[in-house]
Amino acid sequence: MKTAIYPGSFDPLTCGHLDIIQRAARLFDKLIVLVSINPLKSYCFTSEEKVDFIRRVTGDLPNVEVDCYDGLLIDYFKKRNADVIVKGLRAMSDFENEFQMALVNKDLCYNAETIFLSADVVGTFLSSSMVKQIAMFGGDISSYVPHEIEKDIIKGVQRLGKDMKDEY
Ligand code: ADP
């Protein structure tokens, strides 16, 4: 039984992430989508909201589990006895950073293999930050995020926009 972990910020989940989840779920017996928390980054959505978004759109994939973790990915990888780390690659600009992380993870744990899946055509230009910027200014994000969570994403982004305005 092969277990893969797909880690990321997912702030919020986009159709690009979902495409990687669906494809990876077909390749492995079990796929754990891991909402990772980087204390150096600030997020628009709480981990609970992000986990809930991912659960709502992956309910039809029985071998997908969603979890969150605020420690080192490789510690979680060992704890879950996983075999593979899955990453999505949009462009060459993703590659350098992802390649470096793959090497570090392999150095920390020899069994930790990273597998890269290339983004699909639309996913190539899609990022969570782009979705947040469009939603912040009232633009149409319906082709970029799963429809089940679109309204909640807009609500969350507008809540952040309001908090930012209140600060100034
Ligand atoms: P970001 O790198 O934009 O902060 P995440 O940390 O949530 O996004 O990304 C988690 C993983 O998903 C990374 O491997 C990233 O390269 C990949 N990814 C992000 N957006 C897409 C997309 N649109 N298509 C395919 N893979 C993606």
Side-chain angles (χ1 to χ4, degrees), residues 3-28 30-58 61 64-77 80 82-106 108-109 112-136 139-150 152-153 156-157 160:
T3 299
I5 298 179
Y6 176 36
S9 316
F10 306 109
D11 192 56
L13 179 91
T14 67
C15 292
H17 294 125
L18 184 58
D19 173 59
I20 299 289
I21 293 172
Q22 289 165 335
R23 288 157 59 201
R26 287 198 291 271
L27 294 173
F28 300 98
K30 185 186 186 91
L31 177 71
I32 303 169
V33 183
L34 188 68
V35 174
S36 317
I37 300 153
N38 178 345
L40 302 176
K41 276 190 178 177
S42 57
Y43 299 117
C44 177
F45 298 93
T46 65
S47 302
E48 290 74 23
E49 286 171 320
K50 294 191 278 190
V51 166
D52 174 62
F53 289 167
I54 304 170
R55 285 203 178 124
R56 275 156 60 188
V57 302
T58 56
L61 301 171
V64 171
E65 177 187 325
V66 189
D67 198 3
C68 73
Y69 190 62
D70 62 358
L72 206 54
L73 170 63
I74 214 67
D75 290 336
Y76 184 90
F77 180 92
R80 296 302 304 265
D83 302 284
V84 168
I85 297 166
V86 172
K87 289 301 189 89
L89 281 186
R90 283 160 291 189
M92 284 309 284
S93 50
D94 275 344
F95 182 75
E96 201 170 331
N97 190 29
E98 295 291 358
F99 188 56
Q100 191 182 24
M101 275 196 278
L103 290 177
V104 168
N105 283 329
K106 184 122 182 79
L108 293 172
C109 171
E113 295 294 352
T114 300
I115 285 184
F116 298 103
L117 295 181
S118 56
D120 69 1
V121 177
V122 175
T124 301
F125 66 81
L126 197 50
S127 68
S128 299
S129 34
M130 194 194 77
V131 162
K132 284 182 281 192
Q133 276 180 43
I134 298 173
M136 178 95 62
D140 179 9
I141 57 166
S142 59
S143 342
Y144 305 138
V145 299
H147 66 90
E148 299 93 322
I149 57 173
E150 181 189 345
D152 288 324
I153 291 176
V157 170
L160 177 75

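For this chain, numbers begin at 1 and follow the sequence in order. In each ligand, atom 1 is the first atom listed, and ligand 1 is the first ligand listed.
Contact annotation: for D94 versus ligand 1, heavy atoms closer than 4.0 Å belong to the side chain alone. When non-hydrogen atoms are compared, ligand 1 lies under 4.0 Å from the backbone of P7 (N, CA, C, O) but not from its side chain.
Listed by first and then second residue, the salt bridge (charged side-chain N to carboxylate O under 4.0 Å, His left out) pairs involving residues 121-131 amount to none (not counting sequence neighbours).
Those atoms of ligand 1 with a heavy atom of A119 less than 4.0 angstrom away are 24 (N), 25 (C). Of all atoms in ligand 1, listed by their number and element, those nearer than 4.0 Å to a heavy atom of L126 are 20 (N), 22 (C), 23 (N). If you number the atoms of ligand 1 from 1 as listed, the ones under 4.0 Å from a heavy atom of I20 come out as 25 (C), 26 (N). Residue K87 approaches ligand 1 through these ligand atoms, each under 4.0 Å from one of its heavy atoms: 14 (O). Near G16, with a cut-off below 4.0 Å to any heavy atom, the atoms of ligand 1 are 22 (C), 23 (N), 24 (N), 25 (C).
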Tell me, with the steps shown, if I21 and I54 meet side-chain contact (heavy atoms from CB on, under 4.5 Å). CA-CA 10 Å; I21 293 172; I54 304 170; 4.2 Å; yes
side-chain contact (heavy atoms from CB on, under 4.5 Å) evaluation trace for T114 with K106: CA-CA 8 Å; T114 300; K106 184 122 182 79; over 6 Å; no
Going through the checks in order, is the side-chain contact (heavy atoms from CB on, under 4.5 Å) test met by L18 and V57? CA-CA 8 Å; L18 184 58; V57 302; 4.1 Å; yes
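Annotation: the span from L117 atom CG to I20 atom CD1 amounts to 5.0 Å, rounded to 0.5 Å.
Using bins of under 30°, 30° to 60° and over 60° for the plane-to-plane angle, the ring pair Y69/Y76 lands in the tilted bin.
Proximity of a side-chain donor or acceptor of N105 to a complementary backbone N or O of M101 within less than 3.5 Å is detected.
The nearest heavy-atom contact from the protein to atom 7 (O) of ligand 1 is F10 N, 2.8 Å. Annotation: atom 21 (C) of ligand 1 to nearest protein heavy atom, R90 CD, 3.6 Å. Of all protein heavy atoms, the one lying nearest to atom 12 (O) of ligand 1 is Y6 OH, 2.7 Å. The protein non-hydrogen atom at the shortest distance from atom 13 (C) of ligand 1 is E98 OE2, 3.6 Å. Remark: minimum distance from atom 6 (O) of ligand 1 to any protein heavy atom is reached at S9 N, 3.0 Å. In terms of protein heavy-atom proximity, atom 8 (O) of ligand 1 is nearest to H17 NE2, 3.8 Å. With hydrogens left out, the protein atom closest to atom 14 (O) of ligand 1 is G88 N, 3.1 Å, a heavy atom.
In this view, F95 and F99 satisfy the ring pair (Phe, Tyr, Trp, His ring centres under 6.0 Å) rule, not counting sequence neighbours.
The shortest N or O to N or O distance between G8 and ligand 1 is not below 3.5 Å.
In summary, K41 and D11 do not engage in a salt bridge, as defined by a charged side-chain N under 4.0 Å from a carboxylate O. E98 has a carboxylate O that lies under 4.0 Å from a charged side-chain N of K87, or vice versa, which qualifies the two as a salt bridge.
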